[in-house]
Amino acid sequence: MTSQITLKRPDDWHLHLRDGNMLHAVLPSTATHFARAIIMPNLVPPVVTSADAAGYRDRILSALPEGSTFEPLMTLYLTEQTDPNDVAAAHASGLIKAVKLYPAGATTNSASGVSHFDSVRPTLERMAEIGLPLCVHGEVTDSDIDIFDREAVFIDRVLDPIRRTTPGLRVVMEHITTSNAVEYARSQDDTLGATITTHHLVINRNHILAGGIKPHYYCLPVAKREEHRLALRDAATSGEARFFLGTDSAPHTDANKLLPCGCAGCFTAPNTMSILTQAFEEDSALEKLEGFTSLNGPAFYGLPVNEDTITLTKGDPVTYPSHVETPDGPVTVFDPGFDLNWRVE
Ligand code: NCD
Ligand code: ZN
């Protein structure tokens, strides 16, 4: 029985760090285990220009714990006003590693996102030319589309047309939640990648809704039926290069989660590596964990694999603090609902 596993240090290909007090409170959780992360630009106001991204990167670097070598990989928030030249310059200078597409209104702080996909065509074409990936929040926002169907409908109505009209554009389907997305990803060439979160590998929609509503399990895209969770587990543990970890760790204060209209997001940064190791072990796929957390993402983004490693050891149940404190109030850490036996050394 395996009792210790050593992996190339993981990266997180989809992370929300926020700003100010929250940034300072949550950054150490990621910087302790991960070498790099793709930083989501959905601040208020959003990170839309290269100047915004440079400023945000500096604030992240100055919030890092002493001695940390964590590297934030910056993104720009795509709007209908985005200037393709600004994007290209930010890419050429090495400042940004991706551009993020939020359909307007799809999720937290997405009001400045895209409503008319034709208006961002010049930017997408430029990105295809220069090899800059587009990270996609893949949900339609039409009020007449059931929230559990929004990802599958997005693939047909938006993603596939973008893929067909912008050949060569590198696209990441982010935080996929359905077997439809897994199948679509598998049908495409290696210009398409897909991230999977930690929480979508362990919860289905019953966890949110059965036996009382659990706001801390509410995130977007919302968790789906069990058959979809199983499809995600199959994808994550398959070893296929197109699938890699993007935790979508998305901290909100408990006060903001527990409102009558509470915020979407699960805060998984502190215990993600323990949860994933447990899940991969349960599926007899520990030998596939390193690909998912540490190899496939860098390969997609054309970045080197990290040189150092982390080791997890199996033993008595490991506990994580149930909350991270911030000056604005506590942030609840994701509870996977089972004991965690793998500890990050
Ligand atoms: C994210 C957030 O809070 O910023 N929330 C979430 O439920 N995942 C936004 C997002 O990635 O959709
Ligand atoms: Zn997110």
Can you confirm whether [X] is buried at [atom1], in the sense that more than 12 heavy atoms of other residues, nucleotides or ligands lie under 6.0 Å from that atom?
X: Arg205; atom1: CZ; value: yes
X: Asp316; atom1: CG; value: no
X: Arg225; atom1: CZ; value: no
X: Glu227; atom1: CD; value: yes

Can you see whether [X] engages [Y] through a side-chain donor-acceptor pair at a distance of less than 3.5 angstrom?
X: Thr247; Y: Asp12; value: yes
X: Thr165; Y: Arg121; value: yes
X: Asn42; Y: His16; value: yes
X: Asp86; Y: Ser50; value: yes
X: Asn341; Y: Gln278; value: yes
X: Glu345; Y: Thr311; value: no
X: Arg18; Y: His252; value: yes
X: Glu151; Y: Thr177; value: yes
X: Asn21; Y: Thr326; value: no
X: Glu174; Y: His14; value: yes

Aromatic contact, [X] with [Y] (centres under 6.0 Å):
X: Tyr301; Y: Trp13; result: yes
X: His200; Y: His175; result: no
X: Tyr77; Y: Tyr102; result: yes
X: Phe244; Y: Phe300; result: yes

Partners passing side chain to side chain contact (heavy atoms under 4.5 Å, CB included) against Asp58 (at least two apart in sequence or in another chain)
none
Between Phe334 and His199, how do the two ring planes meet: parallel, tilted or perpendicular, split at 30° and 60°?
tilted
Report whether Met74 and Met40 are members of the same hydrophobic cluster (ILVMFWY, side-chain heavy atoms less than 4.5 Å apart, transitive linking).
no
